[in-house]
Protein chains: 2
Amino acid sequence: MPSPLDPIGPPSVETAAGRATMKDVADRVGVSRQLVSLVLRDLPGASPTTRQRVREAASELGYYPDTSARTLRGRRSFQLGVVFTMHEPFEVDLVEALLTEAAERGYSLVLGPLTAARPERLVVPQLMGQRIEGLIVLAADGGSSSVSDLPERIPIVQLGGPRSKGPVDDVRVDDEAGIALLVDHLVSLGHTAIAHATGGSGPNARARVEAYEAAMRRSGLLPDVVESAYTEEAGSHAAEVLLTRSELPTAVLAANDRCASGVLLTLVSRGVAVPADISVVGFDDSSVARLPFVQLTTVRHDPVRLASEALDSITARIEDPTRPTVAHRDAPSLVVRRSSGPARAGGASA
Amino acid sequence: MPSPLDPIGPPSVETAAGRATMKDVADRVGVSRQLVSLVLRDLPGASPTTRQRVREAASELGYYPDTSARTLRGRRSFQLGVVFTMHEPFEVDLVEALLTEAAERGYSLVLGPLTAARPERLVVPQLMGQRIEGLIVLAADGGSSSVSDLPERIPIVQLGGPRSKGPVDDVRVDDEAGIALLVDHLVSLGHTAIAHATGGSGPNARARVEAYEAAMRRSGLLPDVVESAYTEEAGSHAAEVLLTRSELPTAVLAANDRCASGVLLTLVSRGVAVPADISVVGFDDSSVARLPFVQLTTVRHDPVRLASEALDSITARIEDPTRPTVAHRDAPSLVVRRSSGPARAGGASA
DNA sequence: AACACAAACTAGCACGTGCTAGCACCCGCG
DNA sequence: CGCGGGTGCTAGCACGTGCTAGTTTGTGTT
């Protein structure tokens, strides 16, 4: 247990028991605390000589400015909360892009990773307590397609993930355009039997199914929907289901890259040649798509562009809370790799 | 840009312009601020009726206790910093375990993910500014095997990752025991030509190579080291290198699961049967090892146990900074899946 | 009726910093 | 010699909460 050994009287001048404070730095140099404050914030009003000495003293004492005191006193916190999942590679990419982009705009992020033991119900209040000026939501509990209850009175941006109840700003990939790119790509390669392994009940899964069906009908083709989910396991299972058919489709469009890699690698390990026997395409251009033994044709979304757009949205709303909500749909681009090729001529049996 | 439109006079009584404060809650109920403080911290000294009314008022006003003010005033912060990488799946598992275990001990974590744009040099000072009482280090810049400079005068625990200069507490898997488990497993299956795909310059890679060599010699076998790294790409490349040989080894021991999956899936996609032609084993039992088309025999380390051990270490050092440093080596366990089997009789050519 | 005592509640300082205001000094000018 | 104005620096309050030390209220006991 922590012992109450802290000194009774005022801490000694040279080195207090606890961490060094601005006062300690000031005393060491022989100036006022305020001057140290100016120097460390790079504000004008201190001579070059003093600046130098203050910096040295701060470094010698191992001084780190106290963020708590800073945010408490400052008018603004310049902090944004982020709700996400560390298990989803593309979300990780987005968060890293957000970190960089936020720093460039003078904001810092408070990360609120969702976990089995830390659902939204616990994470969001914790973020709210940190004086965040806005909330960027990437994920919902259990990969659900909608978030439960978000605080009011604070700017919120949905980034790529689930939908929320109320009308909030919303930045995401244009699912419809992306799916259309993939279907058209496959059609141009002569494919007509194109199956879709869905994202199940995950975010945007429904929209992608509908986009797939629309694109197929536009090309005069019959939709072929196979229930799946946004994971490798689910993709693997979908492949197994396809393999029980008397005839395989000539192409599979999976709801995301993880699912696609599950489909592809399961087919390959069953001796089905990709893309000779069957083409497999994904969605996201996550790191898995670039693996040498995957080489997935997919649709790329730029995390940096998405992050930038999300930050523009939220900073704009912070400055003008009354502005109308916007829905930004980022145009994705097709990335052709080795997992797609011309449709096989005859029908190969499973 | 932020406009200085904040109200000049004191904010209105009912609903201030900014966020609700404890005072606002107190005014609404008609009690003192201190009493609200007691209620919200679940301390004794308030009647059940008052508790109820305070809780209701707080909820109605959307009140969230200000962490900054709390940390600033409180004697202790009960916060621990964590330096890690979001791209390494096992680190993510560890961080999630740390979040849970820390909460159970009354601590909260301040996450400091490393990024290309946010190296240790920037992340560590930012954590230090948050009043952390200790630092848990999982990763180093660029997957390097040692951390550069860590702050003094603060308890530090290395968890599974790189080594640091000074003598600090150190919790990690027993590499030697884990590698020995794998080699012995393969030997018992009749393997004699066992290659090792290394972790390159990554954390613990050197220790694993040495453990491999020692285990091989102990069984009277000749070590066969293939340079690689802790990634799927590197594993894939190592497999390509092996395939150029006139004869494949009968088993490959990869430095971690990511590398192993690269080896395995590349071999499979080249038509080599696993485990009929060659066995592949990994290290970590990360999520990839469980994928249906991978089914990797590997060595499991329990993230929860490691996290728990790390937290025990750091909390002990916080309470007694003079205690001697400890090096905890967690005993791993063998997980046999379908990627390993009896050694093939003859020598299959590549 | 006076007292002790716990329960319920309140008063005021302190945490480390940012912010506004102001002071002391030096310089050049009239 | 006084006056204006910039430069370098300091004084003191405020942020929202936790902590210590009270003060009032209610209840039972002598």
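Computed from a prediction, not measured in an experiment: that's the story for all the values here. So that the names make sense, note that chain A is the first sequence line, chain B the second, and so on, each numbered from 1.
Distances shorter than 4.0 Å separate none of the side-chain N or O atoms of A:Tyr64 from OP1 or OP2 on C:dG16. Contact between the side-chain N/O atoms of A:Ser68 and the OP1/OP2 oxygens of C:dG16 is not found at any separation under 4.0 Å. Put simply, A:Thr71 has no side-chain N or O that comes within less than 4.0 Å of OP1 or OP2 on C:dT17.
Counting heavy atoms from C-beta on, the side chains of B:Arg105 and B:Ser308 come closer than 4.5 Å. With a 4.5 Å cut-off on side-chain heavy atoms, B:Leu40 and B:Pro65 do not count as touching. Residues B:Thr325 and B:Arg317 meet the side-chain proximity criterion, which asks for heavy atoms closer than 4.5 Å. The shortest side-chain heavy-atom distance between B:Glu96 and B:Thr100 does not fall under the 4.5 Å cut-off.
Summarising the geometry, the separation between CE on B:Met22 and C1' on D:dC19 is reported as 12 Å, rounded to the nearest angstrom. One interatomic measurement links the two molecules: CZ of A:Arg19 to C1' of C:dC15, which rounds to 12 Å at whole-angstrom precision. Counting to the nearest Å, the P atom of C:dG22 and the CG atom of A:Leu38 are 17 Å from each other.
We find that A:Arg73 and B:Asp66 are not joined by a salt bridge, their nearest charged nitrogen and carboxylate oxygen being 4.0 Å or further apart.
Contacts between residues 41-52 of chain B and DNA chain D, defined by a heavy-atom separation under 4.0 Å, are made by B:Arg41.
Listed candidates were D:dT10, C:dC15, D:dT17. Nearest to the side chain of B:Arg70 is D:dT17. For A:Leu35, taking side-chain heavy atoms from C-beta onward, the closest of the listed nucleotides D:dC9, C:dT10, C:dT17 is D:dC9.
Side-chain atoms of B:Gln34 stay outside donor-acceptor range of the base of D:dG22, with no qualifying N/O pair under 3.5 Å. For A:Arg33 and C:dG18, a side-chain-to-base donor-acceptor distance below 3.5 Å is present, hydrogens and geometry of angles not being considered.
Mapping B:Ser32 and B:Arg131 onto DNA chain C via the closest heavy atom, the residue that lands nearer the 5' end is B:Ser32.
Figure legend: cation-pi geometry between B:Arg76 and B:Phe78, with NZ or CZ positioned under 6.0 Å from the six-membered ring centre and within 45° of its axis.
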